[in-house]
*Asks:* 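Quick one: the structure is below, and I'll ask about it shortly.
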Amino acid sequence: MAAAITIETPGVFDFAQIFDYLNRSANECLYEADAASVTRLMPAGGAPVLVRLSARADGALTAECPALTEPPDDETLRAVAAYIREWFDMDRDLSGFLALASRDEVLAPAVRRFRGLRIVGIADLFEALCWGIMGQQINLAFAYTLKRRFVERYGDSVRWNGRVYWTFPAPERIAAIDPAELRGLQFTGRKAEYVVGAARLMAEGVLSKAGLLALPDWTAREKALTAIRGIGPWTAHYVLMRCLRNPGAFPLEDVGLHNALKVALGREEKPPLAEIQALAAPWGEWKAYATFYLWRLLY
DNA sequence: GCCCAGGATATCG
DNA sequence: CGATATCATGGG
């Protein structure tokens, strides 16, 4: 059954902070988390594998595959380990961010409080695009509801130990539907078009994570994303931050960021965009990390 | 009932 | 180019 694998953690890494983030919504449908473990389906070459991840006393992580009747082969284990390292951005050296943030007036309290947090990623480009689109101009609670309806309607699932675990729908599946179908899930007409449009681009092979990563720089990737209907600057930077892993991505228009800055600055009103740009200028190529830490002041 | 929400696009002046 | 209208629905 469960040959556990151990995943060594990097220097500045606190799994408790990651768990806090993973537990921020009780309506999350793509994994099941509690204060000390998280369980989800992970891609591993062939069929997705159910993995349960928990922290060990020495700080390392343990991953096991509880649903398998035979021990997973080496290839599967390697895929699982790679997925986890990518999910939690474990191969990034955060010393630059810590040095910068600890002497920044706005960021210092947040990095003291959430030290060891890393940007929790969305490895699947289609999922990242859809989650961004779904989250446009609505409150986060409703965005989670939309995602759940979408996943439970079009995704694949595995039942284990009395629970159902879901994978995010493949673009090929969504490319084939009539956008009007999503109206029934309470998508707006536009969001339905955006999601199906992105699915079709990916199904046609015009858009892919590898293709975006092959572009020469972050500016080129941002341009390629904002050229897609429904992907504006906010969604593009959100995807750059959580999927393509640009630590300098910065969703300037993000309402959550605005409210977090209001808290961090002790203001009555959200700071104007020009002030936010000035505050963020010293954050340089760590703006995504600064944003992710600031978000934790709210959720 | 009201205001806000992890925005984007189309249209105007 | 910058400002404005429109979308469209739930959560608090």
Side-chain angles (χ1 to χ4, degrees), chain A residues 20-30 110 114 117 119-122 125 127-153 168 179-201 207 222-264 267-274 276-277 279-280 283 287-299:
Chain A
D20 282 348
Y21 177 82
L22 293 175
N23 280 292
R24 76 186 175 143
S25 171
N27 205 15
E28 173 62 56
C29 60
L30 292 174
F114 305 118
L117 174 67
I119 295 180
V120 175
I122 301 173
L125 176 65
E127 181 190 337
L129 289 166
C130 289
W131 181 229
I133 291 166
M134 289 178 199
Q136 290 168 2
Q137 186 58 25
I138 58 173
N139 61 69
L140 208 46
F142 183 43
Y144 273 107
T145 297
L146 289 180
K147 183 171 83 162
R148 173 181 290 282
R149 290 176 183 158
F150 186 75
V151 167
E152 292 184 350
R153 173 140 186 162
F168 197 80
E181 220 173 274
L182 295 177
R183 296 284 292 119
L185 308 186
Q186 286 176 293
F187 281 56
T188 65
R190 283 186 182 170
K191 283 186 183 181
E193 290 174 17
Y194 297 166
V195 164
V196 174
R200 289 180 180 163
L201 289 176
L207 172 66
E222 179 186 350
K223 280 190 174 176
L225 285 168
T226 52
I228 301 166
R229 178 169 161 78
I231 309 299
W234 175 84
T235 311
H237 278 262
Y238 188 83
V239 170
L240 290 170
M241 170 179 173
R242 296 201 60 194
C243 181
L244 301 181
R245 289 294 187 186
N246 175 11
F250 190 50
L252 173 64
E253 300 84 354
D254 185 77
V255 175
L257 173 68
H258 304 167
N259 285 322
L261 282 170
K262 188 172 79 170
V263 171
R267 302 272 184 83
E268 295 288 329
E269 304 292 336
K270 291 182 279 195
L273 291 185
I276 295 176
Q277 284 177 306
L279 289 171
W283 304 344
K287 290 187 180 71
Y289 259 89
T291 300
F292 204 73
Y293 269 65
L294 287 169
W295 277 344
R296 299 300 295 135
L297 295 172
L298 297 178
Y299 307 116

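In what follows, chains carry the letters A, B, and so on, assigned in the order in which the sequence lines appear, proteins first and then strands, with residues in each chain numbered from 1.
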*Asks:* Give me the atom names and distance for the closest heavy-atom approach of Gly135(A) to Ala143(A).
*Replies:*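 In terms of heavy atoms, the two residues are closest at CA-CB, 4.1 Å.
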*Asks:* Is the shortest side-chain heavy-atom distance between Ile231(A) and Val239(A) below 4.5 Å?
*Replies:* no
*Asks:* Can you give me every donor-acceptor pair (side chain of residues 246-257 of chain A, partner residue at least two apart or in another chain, under 3.5 Å) with its distance?
*Replies:*
residue, atom, partner, partner atom, Å
Asn246(A), OD1, Gly248(A), N, 2.9
Asp254(A), OD1, Trp234(A), NE1, 2.8
Asp254(A), OD2, Gly256(A), N, 2.9
Asp254(A), OD2, Leu257(A), N, 2.6
Asp254(A), OD2, Trp295(A), NE1, 2.8

*Asks:* Just wondering, do Lys270(A) and Leu261(A) contact through their side chains at under 4.5 Å, heavy atoms?
*Replies:* no
*Asks:* Determine whether a donor-acceptor pair (N or O, by modelled atom type, separation under 3.5 Å) exists between the side chain of Arg149(A) and the backbone of Leu182(A).
*Replies:*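 Checking the backbone N and O of Leu182(A) against the side chain of Arg149(A), no donor-acceptor pair under 3.5 Å is found.
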*Asks:* What is the distance, to the nearest angstrom, from the CG atom on Asp254(A) to the C1' atom on dG7(B)?
*Replies:*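 Taking CG of Asp254(A) and C1' of dG7(B), I get 10 Å after rounding.
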*Asks:* How long is the line joining OH of Tyr144(A) and C1' of dA5(B), in whole Å?
*Replies:* 14 Å
*Asks:* Rounded to whole angstroms, how far apart are CG on Leu129(A) and C1' on dG7(B)?
*Replies:*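 For the pair Leu129(A) CG and dG7(B) C1', the rounded distance is 15 Å.
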*Asks:* Return the value, rounded to whole Å, for the distance between atom NE2 of His237(A) and atom C1' of dG7(B).
*Replies:* 14 Å
*Asks:* Take Gln136(A) and Lys270(A), find for each the nucleotide of DNA chain B with the closest heavy atom, and name the residue whose nucleotide sits nearer the 5' end.
*Replies:* Lys270(A)
*Asks:* Return the orientation label for the Phe150(A) and Phe187(A) ring planes: parallel under 30°, perpendicular over 60°, tilted otherwise.
*Replies:* tilted
*Asks:* Heavy atoms under 4.0 Å is the rule here; annotate nucleotides 6-12 of chain C 5' to 3' with B where the base is hit, S where only the sugar-phosphate is, and - elsewhere.
*Replies:* BBSSBS-
*Asks:* Between P on dG7(B) and CG on Leu273(A), what's the gap in Å once rounded to a whole number?
*Replies:* 12 Å
*Asks:* Mind calculating the distance between CG (Leu140(A)) and C1' (dG7(B)) to the nearest angstrom?
*Replies:* 14 Å
*Asks:* Taking any heavy-atom pair under 4.0 Å as a contact, classify Ile133(A): base, sugar-phosphate, or nothing.
*Replies:* nothing
*Asks:* Please tell me if the side chains of Leu129(A) and Leu225(A) come closer than 4.5 Å, counting only heavy atoms from C-beta onward.
*Replies:*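 Yes, at least one pair of side-chain atoms sits under 4.5 Å.
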*Asks:* Contact list please: residues 244-253 of chain A against DNA chain B, heavy atoms, distance less than 4.0 Å, in numerical order.
*Replies:* Glu253(A)
*Asks:* Whole-Å distance between dT9(B) P and Trp234(A) CH2?
*Replies:* 13 Å
*Asks:* Is a side-chain N or O of Arg229(A) found less than 3.5 angstrom from the main chain of Tyr194(A), in a donor-acceptor match?
*Replies:* no
*Asks:* Rounding to the closest angstrom, what is the interatomic distance between dT11(B) and dA8(C) at atom P?
*Replies:* 15 Å
*Asks:* If you look at every strand shown and take non-hydrogen atoms under 4.0 Å, does Leu294(A) touch a base, only sugar-phosphate, or nothing?
*Replies:* nothing
*Asks:* Are any non-hydrogen side-chain atoms of Ile138(A) and Leu146(A) less than 4.5 angstrom apart?
*Replies:* yes
